[in-house]
Amino acid sequence: MIMMRCYTLLLLLLYTSSSTCSSVLPLCNHHDNSNLLQFKKSFSINPSLYKDWCFSSYPKIASWKNGSDCCEWDGVTCDTTLGHVIGLDMSCSMLQGQFHPNSTLFHLTHLQQLNLAFNDFSESPICPGIGNLVSLTHLNLSGSSFSSHIPSTISHLSKLLSLDLSYNELRLDESTWSRLIGNTTNLEELVLDGVDMSSIRETSLSLLMNLSSSLLILSLDETRLHGKFSTRILGLTNLEELSLYGNEELKVELPKSNWSTPLRFLDLSFIAFSEEIPDSIGHLKSLNQLWLQSCQFDGLIPVSLWNLTQLTQLDLSGNRLHGEIPSLLSNLKHLTYLYLSGNTFSGHIPDVFHNFTKLHTLQLSSNSLGGQVPPSLFRLTQLSVLDLSSNKLGGQLPSSLFDLTQLSDLSLSSNQLIGPIPSKNTTLPKLETLDLGNNSINGTIPDWCYSLSSLKYLDLSMNQLTGPISKFSTYSLENLVLSNNKFQGDFPNSIFEFLKNLEYLDVSSNYLSGLLDFSYFSKLEKLNYLDLSNNKFLSVDSNSRVDYVLPQLEYLTFSSCSVTVFPSFLPRLQNLGSLDLSNNKIHGKIPNWFSDNLLHTWTNMFFIDLSFNQLQGDLPIPPNGIYYFSVSNNNFTGGISSTICNARSLNMLILSHNNLTGKIPQCLGSFLSLQVLDLQINNFYGSIPENFSKNNDFETIKLNGNQLEGPIPQSLAHCKKLEVLDLSDNNIEDVFPSRLEALQELQVLSLRNNKFYGTITCLSRKHPFSKLRIFDVSNNKFSGPLPMQYFEEFQGMMTLNDSSS
Ligand SMILES: *[C@@H]1O[C@H](CO)[C@@H](O)[C@H](O)[C@H]1NC(C)=O
Ligand SMILES: *[C@@H]1O[C@H](CO)[C@@H](O)[C@H](O)[C@H]1NC(C)=O
Ligand SMILES: *[C@@H]1O[C@H](CO)[C@@H](O)[C@H](O)[C@H]1NC(C)=O
Ligand SMILES: *[C@@H]1O[C@H](CO)[C@@H](O)[C@H](O)[C@H]1NC(C)=O
Ligand SMILES: *[C@@H]1O[C@H](CO)[C@@H](O)[C@H](O)[C@H]1NC(C)=O
Ligand SMILES: *[C@@H]1O[C@H](CO)[C@@H](O)[C@H](O)[C@H]1NC(C)=O
Ligand SMILES: *[C@@H]1O[C@H](CO)[C@@H](O)[C@H](O)[C@H]1NC(C)=O
Ligand SMILES: *[C@@H]1O[C@H](CO)[C@@H](O)[C@H](O)[C@H]1NC(C)=O
Ligand SMILES: *[C@@H]1O[C@H](CO)[C@@H](O)[C@H](O)[C@H]1NC(C)=O
Ligand SMILES: *[C@@H]1O[C@H](CO)[C@@H](O)[C@H](O)[C@H]1NC(C)=O
Ligand SMILES: *[C@@H]1O[C@H](CO)[C@@H](O)[C@H](O)[C@H]1NC(C)=O
Ligand SMILES: *[C@@H]1O[C@H](CO)[C@@H](O)[C@H](O)[C@H]1NC(C)=O
């Protein structure tokens with residue numbers, strides 16, 4: 001080994017006359033060598049350790065071998081003269097295991113730079129031994145699953161220039177903080193994102209002013225700081241980055257004058273200001289990124305802000321800003337991200353985007369912006385996300401971008417616009433998201449929109465768009481939402497045929513008509529969600545003989561159309577979870593395969609709505625797992641099979657308005673999550689289920705319009721959340737159920753048209769029936785006086801100010 005090294009040295013000396021022996025190959029100090037090997041032994045490599053922030057992870061430690069020179073190991077830097085280890089960069093190294101207080105790492109007292117970021121130290125505390133490393137200038141323990149208190153010994157590291165303890169589960173005590181800030185007088189970078197600093201008071205926080213001449217970067221995101229944050233810190237003369245994101249309890253005031261500092265990055269999102277953005281912001285000439293999301297800023301955007309021509313990222317979303325977006329916006333042509341969503345901006349969107357050659361994301365959604373979509377947006381070559389949804393935009397989308405760009409070139413010809421006139425393929429070549437939903441855009445979908453080459457998400461819903469839907473040739477499309485428009489014409493079966501990546505398709509609430517041939521969808525192998533509902537004249541062609549399956553389709557909503565036969569393609573939807581065929585004209589019996597599939601194939605089924613059709617024959621029985629099952633307003637006959645007792649996951653069971661008969665299965669009363677049991681207007685007979693459990697969830701029980709007999713079960717009083725109890729139009733023979741007085745949520749109690757008898761007595765509990773709004777005991781055989789107390793206590797009927805439900 002040593003022979004080899006000398007031989008190499010000799011060669012090097014021969015060929016590089018200027019090199020000296022020690023500067024070429026320092027020999028590792030043997031103490032450091034064995035300390036590092038011990039350190040290695042205390043951790044394992046976890047190759048599946050995935051850290052979001054790592055560009056790449058690999059086990060650097062694998063190159064650490066006993067017998068080789070530690071100065072050559074991955075991540076190790078040595079002092080060139082004495083061979084002491086002075087730098088250790090173990091970031092993104094897949095290390096896993098506990099850090100012991102006696103770790104040999106703390107013996108490496110010559111260390112100047114230590115980076116252990118993005119490993120997994122299994123919630124070890126940072127050990128006090130860290131204070132031994134007094135030569136450290138750079139310490140980075142970011143995102144490595146350290147927990148507990150930061151040891152007070154950290155304040156011994158008086159030479160620190162950079163300290164990053166972000167994204168762990170750490171707490172910082174006030175005394176440790178004060179001593180740290182007092183001793184690290186040259187600190188340039190302080191990054192404590194996610195450290196719990198809630199115990200640090202205003203006065204101690206202001207100690208940061210002692211770092212005024214050195215501090216360049218201060219990042220205290222989500223540290224649970226509270227109290228007032230000294231405005232003077234925002235004005236620190238050398239500060240280039242300041243981030244206080246997500247400290248909702250912190251009171252910050254922006255300097256109103258003389259704020260001309262070299263700040264490049266400022267993030268104050270989620271801090272409540274409740275004032276206007278001051279003019280002084282315009283003095284921050286170096287600002288690249290300004291993040292002021294959800295800060296409760298009101299008023300207008302100060303004119304001075306449009307002077308910040310270096311801005312690349314600007315986020316003012318979720319505030320209460322109003323007024324127009326001025327054409328001065330055109331100054332900010334270096335912008336890559338612009339977020340102004342969720343304010344109340346009005347007026348037109350200025351057509352000033354010609355020079356925004358780097359714009360990646362533009363979000364102006366949820367404002368009150370009117371006028372048209374500005375044409376200059378459509379020639380942006382880097383635009384990836386355009387979200388103008390939930391505004392008042394009107395007019396038509398430009399029919400041809402080719403003409404449009406020619407036109408704008410003509411009108412701006414003196415400005416020497418860069419780049420060629422876009423051809424069909426180069427219009428918005430990077431656009432992935434186009435959301436223009438919830439506006440008043442009219443006209444038809446323009447041709448270019450069908451072929452945007454990178455588009456993944458297109459939402460044009462809730463507009464006034466007309467005409468037929470044409471063929472999409474954008475293979476990248478994953479989400480297509482065209483609902484709530486005025487699209488008409490025969491359902492063009494093949495239009496979506498080639499969208500191999502389509503996962504979500506919603507064309508509901510339009511005027512589409514004709515026959516849908518489901519076999520055309522068979523190429524949409526990833527389709528998961530399909531909503532065709534509310535197209536009054538749309539039906540389904542059940543005669544397709546092509547063999548196909550739709551393995552991913554989970555949600556099928558086909559309500560309020562013109563479907564007349566039970567769709568035969570359903571068995572091909574192997575993963576069906578939610579089926580809505582309500583409000584059609586489906587008649588006849590439900591085919592046997594439906595019940596078979598329910599029991600054996602569709603194990604994820606959780607929602608079935610077949611209500612408002614003309615279905616006949618036996619009731620399909622919901623299996624366990626379903627939470628919503630409605631077949632109301634059909635013509636089902638026969639009884640409820642006792643196998644329904646398996647469906648204990650039911651939240652809503654709605655079988656009303658059929659011609660069902662037989663007894664009501666007793667088990668229904670014992671279902672714990674059932675909220676709505678609606679069996680009204682059928683021919684059920686026998687008694688009401690008796691075994692209502694304690695802690696049940698019943699809110700609505702409607703058994704009216706049957707032929708039920710016998711008394712009211714005592715256990716109904718267990719239904720503490722009950723709001724509606726309708727037992728009217730039956731043959732129930734009992735005295736008045738006074739014990740239901742205790743049901744504090746009850747709003748409707750109807751016993752009308754039964755065989756109740758005796759006097760209505762009050763058990764004089766406190767506030768009997770306090771929320772009752774409807775109390776109907778008519779058409780029975782009650783006798784005697786009505787109890788005054790009830791009428792005095794019917795608060796729900798007297799106070800009508802509550803407009804809810
Ligand atoms: C390295 O190897 C030497 C000689 O084989 C041995 O004595 C020493 O204990 C080893 N060190 C470690 C840390 O394994
Ligand atoms: C450090 O302490 C742990 C347990 O406290 C022990 O297992 C380990 O061997 C010790 N390591 C060294 C290097 O002394
Ligand atoms: C400040 O740092 C020096 C040098 O490491 C150390 O001796 C001293 O104890 C530290 N003071 C505090 C208050 O931690
Ligand atoms: C800490 O190290 C991580 C990983 O190398 C790096 O991303 C981060 O910027 C470093 N922190 C500082 C303050 O340099
Ligand atoms: C901070 O600076 C002030 C005045 O410059 C000084 O009096 C105080 O001792 C310093 N605080 C610490 C903790 O060093
Ligand atoms: C702003 O700076 C000027 C010149 O440096 C100074 O005269 C003035 O007092 C400062 N104003 C405030 C409010 O600090
Ligand atoms: C914007 O900058 C220009 C030139 O630097 C300056 O004349 C003007 O006063 C500034 N406007 C505002 C509102 O700060
Ligand atoms: C685009 O930039 C050029 C050159 O900087 C300028 O002359 C032109 O006015 C700008 N166009 C718009 C619409 O701002
Ligand atoms: C489209 O909208 C514009 C402006 O909102 C309106 O002037 C025009 O009449 C509308 N066109 C149609 C066909 O509805
Ligand atoms: C557009 O792109 C597609 C595929 O990238 C290519 O086949 C077609 O020829 C291009 N058309 C034009 C007009 O460049
Ligand atoms: C229900 O079925 C009966 C008998 O088959 C029929 O007379 C009646 O019209 C049907 N009702 C509805 C609403 O389909
Ligand atoms: C209900 O079913 C019975 C037979 O079970 C039939 O006689 C009756 O006509 C049906 N009623 C309605 C309204 O369909």
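Whatever order the structure lists them in is the order used to number ligands and atoms, beginning at 1. No experiment lies behind these values; they were computed from the predicted model shown.
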Inset, instruction - If you have a sec, work out which protein heavy atom is nearest atom 1 (C) of ligand 9 and how many Å separate them, to one decimal? - result: N442 ND2, 1.4 Å

Inset, instruction - Please report which non-hydrogen protein atom sits nearest to atom 7 (O) of ligand 4, along with the residue it belongs to and the distance in Å to one decimal place. - result: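 The closest heavy atom on the protein side is F118 CE1, 4.1 Å.
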
Heavy atoms only: which of [options] is nearest to [atom]?
{"atom": "atom 5 (O) of ligand 9", "options": "G370, G395, G371", "value": "G395"}
{"atom": "atom 2 (O) of ligand 3", "options": "T185, V134, N183", "value": "N183"}
{"atom": "atom 14 (O) of ligand 3", "options": "S155, S152, S175, G182", "value": "S155"}
{"atom": "atom 13 (C) of ligand 4", "options": "E241, M90, H138, E189", "value": "E189"}

Please tell me whether [X] and [Y] have a donor and an acceptor in their side chains that are separated by less than 3.5 angstrom.
{"X": "S509", "Y": "S483", "value": "no"}
{"X": "E189", "Y": "S162", "value": "yes"}
{"X": "H156", "Y": "N183", "value": "no"}

Inset, instruction - Working to the nearest 0.5 Å, report the span between CH2 of W64 and SG of C70. - result: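 Separation between the atoms: 8.5 Å.
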
Inset, instruction - May I ask you to check whether N115 has an N/O atom sitting below 3.5 Å from an N/O atom of ligand 4? - result: yes

Inset, instruction - Examine S142 against ligand 4 and note whether any of their N/O atoms are separated by less than 3.5 Å. - result: no

Legend entry - Flag if over 12 foreign heavy atoms under 6.0 Å of CD, Q98: yes

Legend entry - Y511 OH: over 12 foreign heavy atoms closer than 6.0 Å: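 12 or below, so no.
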
Inset, instruction - Decide, based on the SG atoms alone, whether C78 and C71 are under 2.5 Å apart. - result: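 Correct, these two cysteines form a disulfide.
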
Atoms of ligand 4, numbered as shown, that sit under 4.0 Å from any heavy atom of [X]:
{"X": "S91", "answer": "5 (O)"}
{"X": "N140", "answer": "1 (C), 2 (O), 3 (C), 8 (C), 10 (C), 11 (N), 12 (C)"}
{"X": "D164", "answer": "1 (C), 10 (C), 11 (N), 12 (C), 13 (C)"}

Inset, instruction - Examine R179 against ligand 3 and note whether any of their N/O atoms are separated by less than 3.5 Å. - result: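 The answer is no, given that R179 and ligand 3 share no N or O pair closer than 3.5 Å.
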
Inset, instruction - Fit a plane to each ring of F270 and Y245, take the angle between them on a 0 to 90° scale, and name the class: parallel (under 30°), tilted (30 to 60°) or perpendicular (over 60°). - result: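 Taking Y245 first and then F270, their aromatic rings stand perpendicular (interplane angle over 60°).
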
Inset, instruction - Name the orientation class of the two ring planes belonging to F99 and F121 (parallel below 30°, tilted from 30 to 60°, perpendicular beyond 60°). - result: perpendicular

Legend entry - Atoms in ligand 3 with a heavy atom of S158 nearer than 4.0 Å: 2 (O), 4 (C), 5 (O)

Legend entry - Sub-4.0 Å protein heavy atom near atom 9 (O) of ligand 4: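 It does not; no protein heavy atom is within 4.0 Å.
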
